Amino acid sequence: MTAETSQTLDRGLRVLKLLADTDHGLTVTELSNKLGVNRTVVYRLLATLEQHALVRRDLGGRARVGLGVLRLGRQVHPLVREAALPALRSLAEDIGATAHLTLVDGTEALAVAVVEPTWTDYHVAYRAGFRHPLDRGAAGRAILSARQHPLEEPGYTLTHGELEAGASGAAAPLIGVTGVEGSVGVVMLADAVPERVGPRVVDAAREVAEALR
């Protein structure tokens, strides 16, 4: 800590990070041990965070991330979208297919940025805000693949007809972006994805990841 920083704010942010990293919540004692502070300090931090709906405590007294964090998170989408647009535009124009950035939202995949090519006679209509299960469609499957193989070099996922009849998709996961879980992909009206599309999508996902770091 330096003279310009707030110890209380630092501890509060550390509490949120600790809670975000667990699915089962943490008790006051567990937080006290992890933070290296006494229980009274933890109680005060949790009470303050609860007032802002950033933390909630269940009937067993375990603290968990509150719904207020989701409201803050929604404001991140426009910033992420803006950072991703140059790479998505380049991908859409190069491939001649609709390009998209998809992020995890709970158990679903949420398209937060979509760019359509300008020179094609027709392309798949795909809109920002479109949701689908993570285990359907290239975008969600690419994310799940990265979860299952976190230490492997990211590849690409291909699908056909899972979200829209006659449409094929290719997607690659975002790697190395703290706090962001998602993928970059394209969707096209084709029976199969051309061979060059997969590697190109991987490159685009890498560009977006670098823009978000």
Side-chain angles (χ1 to χ4, degrees), residues 20-23 70 73-74 76-77 79-81 83-117 120 122-213:
D21 288 338
T22 176
D23 294 329
L70 294 179
R74 291 191 189 102
V76 174
H77 285 174
L79 300 177
V80 172
R81 185 184 304 116
L85 282 177
L88 293 180
R89 288 195 189 99
S90 176
L91 178 61
E93 293 299 314
D94 186 17
I95 299 301
T98 302
H100 54 84
L101 168 67
T102 298
L103 301 182
V104 172
D105 188 17
T107 60
E108 295 181 313
L110 171 66
V112 298
V114 176
V115 176
E116 298 177 349
T120 55
Y122 57 87
H123 50 260
V124 176
Y126 198 85
R127 296 288 181 264
F130 177 66
R131 295 175 178 271
H132 60 84
L134 282 172
D135 60 355
R136 294 189 62 194
R141 289 187 182 276
I143 294 168
L144 292 178
S145 177
R147 283 183 182 177
Q148 295 163 2
H149 309 286
L151 301 181
E152 294 183 8
E153 186 71 18
Y156 56 87
T157 300
L158 305 178
T159 59
H160 177 71
E162 291 195 358
L163 297 177
E164 186 173 341
S168 293
L174 296 176
I175 301 297
V177 185
T178 302
V180 176
E181 190 178 23
S183 65
V184 170
V186 294
V187 57
M188 60 184 66
L189 292 172
D191 292 331
V193 175
E195 186 174 339
R196 79 180 187 95
V197 173
R200 180 64 181 85
V201 166
V202 172
D203 289 341
R206 188 176 297 114
E207 291 175 29
V208 171
E210 290 175 355
L212 293 175
R213 290 192 186 114

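Worth saying up front: this structure is predicted, and the values here are computed from it rather than measured. Note that these values count all heavy atoms, side chains included, but never hydrogens, waters or copies made by symmetry.
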Review point. What are the two closest non-hydrogen atoms of Thr102 and Ala111, and how far apart are they?
Key: OG1-CA, 4.1 Å

Point to revise | No-hydrogen, no-angle side-chain donor-acceptor test under 3.5 Å, Arg200 and Ser90 | key: yes

Exercise for review: For residues Ser183 and Leu174, determine if any side-chain heavy atom of one lies less than 4.5 Å from a side-chain heavy atom of the other.
Suggested key: no

Practice item. Can you see which heavy atom on Ala139 is nearest to which on His132, and at what distance? Key: CB-NE2, 4.2 Å

**Study point:** Where Gly96 and Thr120 come nearest, the two heavy atoms and their spacing
**Key:** O-CG2, 3.4 Å

Review point. Does any non-hydrogen side-chain atom of Glu162 lie less than 4.5 Å from one of Arg141?
Key: yes

Review point. Should the pair Arg206-Asp203 be classified as a salt bridge under the 4.0 Å nitrogen-to-oxygen rule?
Key: yes

Check your understanding: So does Glu108 pair up with Arg136, basic N to acidic O under 4.0 Å?
Key -> no

**Study point:** Pro173 to Ala146 - nearest heavy-atom pair and separation
**Key:** CB-CB, 3.6 Å

Review point. Between Leu88 and Ala113, which heavy-atom pair has the shortest distance, and what is it?
Key: CD1-CB, 3.7 Å

Check your understanding: For Val114, which of Arg81, Arg127, His100 qualifies under side-chain contact (heavy atoms from CB on, under 4.5 Å)?
Key -> His100

Exercise for review: Taking atom CG of Asp21 as the centre, report whether more than 12 heavy atoms of other residues, nucleotides or ligands fall under 6.0 Å from it.
Suggested key: yes

Exercise for review: Start with the C-alpha distance between Leu163 and Phe130, add both sets of side-chain angles, then the distance that settles side-chain contact (heavy atoms from CB on, under 4.5 Å), and finish with yes or no.
Suggested key: CA-CA 11 Å; Leu163 297 177; Phe130 177 66; 4.1 Å; yes

